[in-house]
Amino acid sequence: MYIFRSIHEIVTTVNAARVLLTEMFEKRKTVNFKYSEALALLKDDENRLKLLIEKEVIHQNGNEVALDARFQDFFELLLEANEEINTAIIDEHIEYLHELMDYYLKEKVPARKNSHVRNIKITFRKIARTTIRNIMNLQTSIDSAFKHEPTYQIKIAKLENLDKKRINIQRLIDSTENLILHEERLFFQQATDEELDRILLELRSELQLSAHSLIRAQQDIINYLNQIKSQVILVEKIRKVKQLMDQFELRTKSNLAEVMENDHSVLVEGNTPSSFKLSIPYLNTDEARPIILKVRKNLQYKEIIRNNEAGAFSEEDMTTASMYEELIDFGETLESYLQLQAQRQWNDKDAEPEDLFTFLMHHTFKREVSEQERTTLFCQLVSLYENMFRISEDFGVYKNYEYVKIYPA
C-alpha cells in the first residue's frame, strides 16, 4: 500500500486529478470506468494516470479503473453522501470515550489531562454527527426499500433489517445518555470545561430529536410492512382465483358466483364524466340557443355565490386584531418534560423525577390551557409515546381526585 508523506502531497495529487475524481465519484454506483475514458478526462496524460494508479488513488482492473475505497469513504464522509447505516462506528466511539475518561482520571500531568479532554470533545462531536447522518440515511433507506424494491420477499427483508438497525441506533443513543448521566459522573465532576459543557448540551438536544425521528421511522416501517402484507394476501387470492378459472373449477371449488350475486358494489374506479365538444355550426342553430342560455345562467349563479360566500367585512372586523387558537405541539411538550427531568438528574443524580401529570398541570404553555385540556393532553401523550414512559405503583392526588403517576422509562 502506498503511504503519502504529507498533507501537501495528498492535496496536490487530488487537485491534479480533480476532474477525473469528480466524475468517478459521481458515477461510482452506476458506471464502470474504462481506462480510455479516464485517460481522456486527464487530457491523454498517461503519466498522470499511471501516477494515480501507483499512489493507489484509483485501481486498475484490466481495461477498467475504479476509485480507491479509502478516497471514496473520505469523500462520502465529508459530503455526507453515504447511504450505508453503520452503528458500529458509534459503538466504537462510546468505548473510546470510556477509555479516554479512564485515562483522564488516572493522569496526573495537567497538559496530558487537557489532551484527553480535547479528544473527548472531538469524539462527542463525531457521535452527534454520525448519529444524525445514520438516522437520515435510515429514513431514506426505508422509503427507498418500500417504493423501489420490486420483489416482495426482499422488500420485507430489507424493512425488517432496517428496523433492527433502528433498534441499534436507539440502543446507542441510550448508551450515550447513560454514559453522560450515570456511568462517568466522576469524570464530569472533575473535568470543568466550558466548551465540553456546551458540546454535551448540544449533543443531548440532538439525541432527543434523533429519538423522536426514530419513533417516526418505526411507524413508517410498521405501516409499510402492513401495506405489503395486505398486498401479498390480495395477490395470493387473485392468483388462486385465476388458477381455478384456468382449470374451469371456479364455480365448483369457490363461492365466487354467490358472492358476486349478493354483492353489487363497484370494485373499480367510478365512471369518469364524459366530455364532448359541440361543433360551431350546431351552436349557431336555434336548437342550441336554449342550451347556451342555460349554461350561461348557471355560470352567473356560481359566480354570484363565489363572490358572496365570505360575506362583507364589518368595521369591527377591519379594526380588531384577528383571533386564532394555537395548537399544542405534542413533540415540543414532551421534549420540555424530558429536558427538565434530565436537568434534575444532572444537578442531583438522587433527585426524584417529576411525574408527567404534575408537570403538565404546572407547565407554562404559549396560550391559556384549561385543566380539562391538560388532562386530555396527558392521556394523549401517554397513548402516543407509551414506550417512553413507565407506570408507577404510586398514586397522586390533585384537587380531590387520584391519578396514576407516570415517569420517563
Side-chain angles (χ1 to χ4, degrees), residues 1-11 69-71 73-78 80 82 84-135 165 167-211 214 335 338-353 408-409:
M1 178 184 292
Y2 183 84
I3 305 298
F4 286 90
R5 294 182 295 272
S6 64
I7 299 294
H8 177 75
E9 183 185 0
I10 299 175
V11 174
R70 295 174 302 163
F71 284 90
D73 292 342
F74 177 69
F75 295 150
E76 288 178 341
L77 177 63
L78 290 182
E80 296 187 356
N82 186 12
E84 295 297 325
I85 302 168
N86 193 346
T87 55
I89 295 179
I90 307 177
D91 209 359
E92 292 174 1
H93 289 332
I94 294 175
E95 291 297 324
Y96 185 49
L97 281 173
H98 283 296
E99 295 176 7
L100 289 174
M101 293 175 181
D102 183 55
Y103 299 156
Y104 176 90
L105 295 175
K106 294 177 179 178
E107 184 59 65
K108 303 300 181 183
V109 181
R112 293 179 181 177
K113 293 173 78 74
N114 292 334
S115 175
H116 294 318
V117 172
R118 182 172 64 252
N119 291 331
I120 288 171
K121 290 187 287 188
I122 293 173
T123 307
F124 272 127
R125 289 196 182 100
K126 289 180 180 178
I127 289 177
R129 187 167 57 249
T130 306
T131 303
I132 293 173
R133 186 168 65 249
N134 272 337
I135 291 177
K165 293 182 178 180
I167 294 173
N168 288 336
I169 296 175
Q170 182 62 59
R171 178 180 60 81
L172 294 172
I173 291 176
D174 296 339
S175 299
T176 306
E177 288 274 0
N178 192 43
L179 179 147
I180 296 173
L181 294 175
H182 303 292
E183 294 181 357
E184 299 292 346
R185 290 291 298 174
L186 182 59
F187 165 79
F188 291 110
Q189 289 173 359
Q190 295 186 15
T192 55
D193 187 282
E194 292 184 2
E195 185 181 15
L196 178 60
D197 292 340
R198 185 172 66 253
I199 291 173
L200 290 176
L201 186 61
E202 294 174 356
L203 172 63
R204 298 195 59 221
S205 177
E206 291 172 351
L207 291 181
Q208 289 176 357
L209 293 176
S210 300
L214 288 177
E335 182 178 351
L338 295 177
Q339 284 182 347
L340 178 62
Q341 305 317 309
Q343 188 65 39
R344 288 165 65 95
Q345 292 184 1
W346 178 261
N347 295 331
D348 183 4
K349 63 179 181 180
D350 297 326
E352 287 292 331

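Any value given below was found using the heavy atoms of this structure, including those in side chains, with hydrogens, waters and symmetry copies removed.
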Colleague: Using side chain to side chain contact (heavy atoms under 4.5 Å, CB included), reason through Ile127 and Thr131 one step at a time and then give a plain yes or no.
Modeller: CA-CA 6 Å; Ile127 289 177; Thr131 303; 3.9 Å; yes

Colleague: How about Gln208 and Ile173: do any of their side-chain heavy atoms sit closer than 4.5 Å?
Modeller: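 No; the side chains remain at least 4.5 Å from each other.
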
Colleague: With a cut-off of 6.0 Å (strictly less than), are more than 12 heavy atoms of other residues, nucleotides or ligands near CZ of Phe4?
Modeller: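 Atom CZ in Phe4 is crowded, with more than 12 foreign heavy atoms closer than 6.0 Å.
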
Colleague: With side chains defined as the heavy atoms from C-beta onward, is the minimum distance between Thr176 and Ile180 less than 4.5 Å?
Modeller: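 In short, these two side chains touch, coming nearer than 4.5 Å.
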
Colleague: So how far is it from Lys165 NZ to Ile135 CD1, rounded to the nearest 0.5 Å?
Modeller: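 If we round to the nearest 0.5 Å, Lys165:NZ and Ile135:CD1 are 14.0 Å apart.
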
Colleague: Decide yes or no for His93 and Ile89: does some side-chain heavy atom of the first lie under 4.5 Å from some side-chain heavy atom of the second?
Modeller: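 In short, these two side chains touch, coming nearer than 4.5 Å.
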
Colleague: Are there over 12 heavy-atom neighbours, none belonging to Arg185, within less than 6.0 Å of that residue's CZ?
Modeller: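 More than 12 heavy atoms, drawn from other residues, nucleotides or ligands, come within 6.0 Å of this atom.
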
Colleague: Hey, what do you get for CD1 (Ile132) to CD1 (Ile169), rounding to the nearest 0.5 Å?
Modeller: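 It comes to 12.0 Å.
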
Colleague: In sequence, state the C-alpha distance, the side-chain angles, and the governing distance for Lys106 and Glu99, and then conclude on salt bridge (Lys or Arg N to Asp or Glu O under 4.0 Å).
Modeller: CA-CA 11 Å; Lys106 294 177 179 178; Glu99 295 176 7; over 6 Å; no

Colleague: To check you understand the geometry: which heavy-atom pair defines the closest contact between Glu206 and Ala128, and what is its length?
Modeller: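 Glu206 and Ala128 have their closest heavy atoms at OE1-CB, 3.1 Å.
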
Colleague: Can Glu184 and Phe188 be said to form a side chain to side chain contact (heavy atoms under 4.5 Å, CB included), step by step?
Modeller: CA-CA 7 Å; Glu184 299 292 346; Phe188 291 110; 4.0 Å; yes

Colleague: Do Arg171 and Asn168 come close enough that some side-chain heavy atom pair is under 4.5 Å?
Modeller: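 Yes - at least one pair of side-chain heavy atoms lies under 4.5 Å apart.
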
Colleague: Can you tell if the side chain of Leu179 reaches within under 4.5 Å of the side chain of Ile94, non-hydrogen atoms only?
Modeller: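 Yes - at least one pair of side-chain heavy atoms lies under 4.5 Å apart.
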
Colleague: May I ask you to check whether Glu177 and His182 show a side-chain donor-acceptor distance below 3.5 Å?
Modeller: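 Short answer, no.
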
Colleague: I'd like to know if the side chain of Glu9 and the backbone of Arg5 have a donor-acceptor N/O pair within less than 3.5 Å.
Modeller: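 Yes; at least one donor-acceptor contact below 3.5 Å.
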
Colleague: Answer yes or no: is there a side-chain heavy-atom contact under 4.5 Å between Glu183 and Met101?
Modeller: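 No, every pair of side-chain atoms sits at 4.5 Å or beyond.
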
Colleague: Hey, are the side chains of Glu195 and Val117 touching, using non-hydrogen atoms and a 4.5 Å cut-off?
Modeller: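 The answer is no, as the side chains (C-beta and beyond) never meet within the 4.5 Å cut-off.
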
Colleague: Give a yes or no on this: more than 12 heavy atoms of other residues, nucleotides or ligands lie within 6.0 Å of atom CD of Glu194.
Modeller: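 Open: at most 12 neighbouring heavy atoms sit under 6.0 Å from CD of Glu194.
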
Colleague: Should Ile120 and Phe187 count as side-chain neighbours, where that means a heavy-atom distance under 4.5 Å?
Modeller: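 Yes. Closest side-chain heavy atoms under 4.5 Å.
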
Colleague: Working to the nearest 0.5 angstrom, can you tell me the gap between Leu214 CG and Leu209 CG?
Modeller: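 Rounded to the nearest 0.5 Å, the CG-CG separation comes out at 11.0 Å.
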
Colleague: Keeping Lys121 on the side-chain end and Leu196 on the backbone end, is there a donor-acceptor pair under 3.5 Å?
Modeller: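 Side chain of Lys121 to backbone of Leu196, a donor-acceptor pair under 3.5 Å: no, none is there.
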
Colleague: Given 3.5 Å as the limit, does a donor-acceptor pair link the side chain of Thr130 with the main chain of Lys126, or not?
Modeller: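 Indeed, once roles are kept as given, a pair shorter than 3.5 Å links the two residues.
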
Colleague: What's the spacing between Arg204 CZ and Ser210 OG if we round to 0.5 Å?
Modeller: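 Between Arg204 CZ and Ser210 OG, I get 13.0 Å after rounding to 0.5 Å.
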
Colleague: So how far is it from Thr123 OG1 to Tyr96 OH, rounded to the nearest 0.5 Å?
Modeller: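 It comes to 5.5 Å.
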
Colleague: For Lys113 and Glu107, work out which heavy atoms get closest and say how close.
Modeller: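 Closest heavy-atom pair between Lys113 and Glu107: NZ-O, 3.2 Å.
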
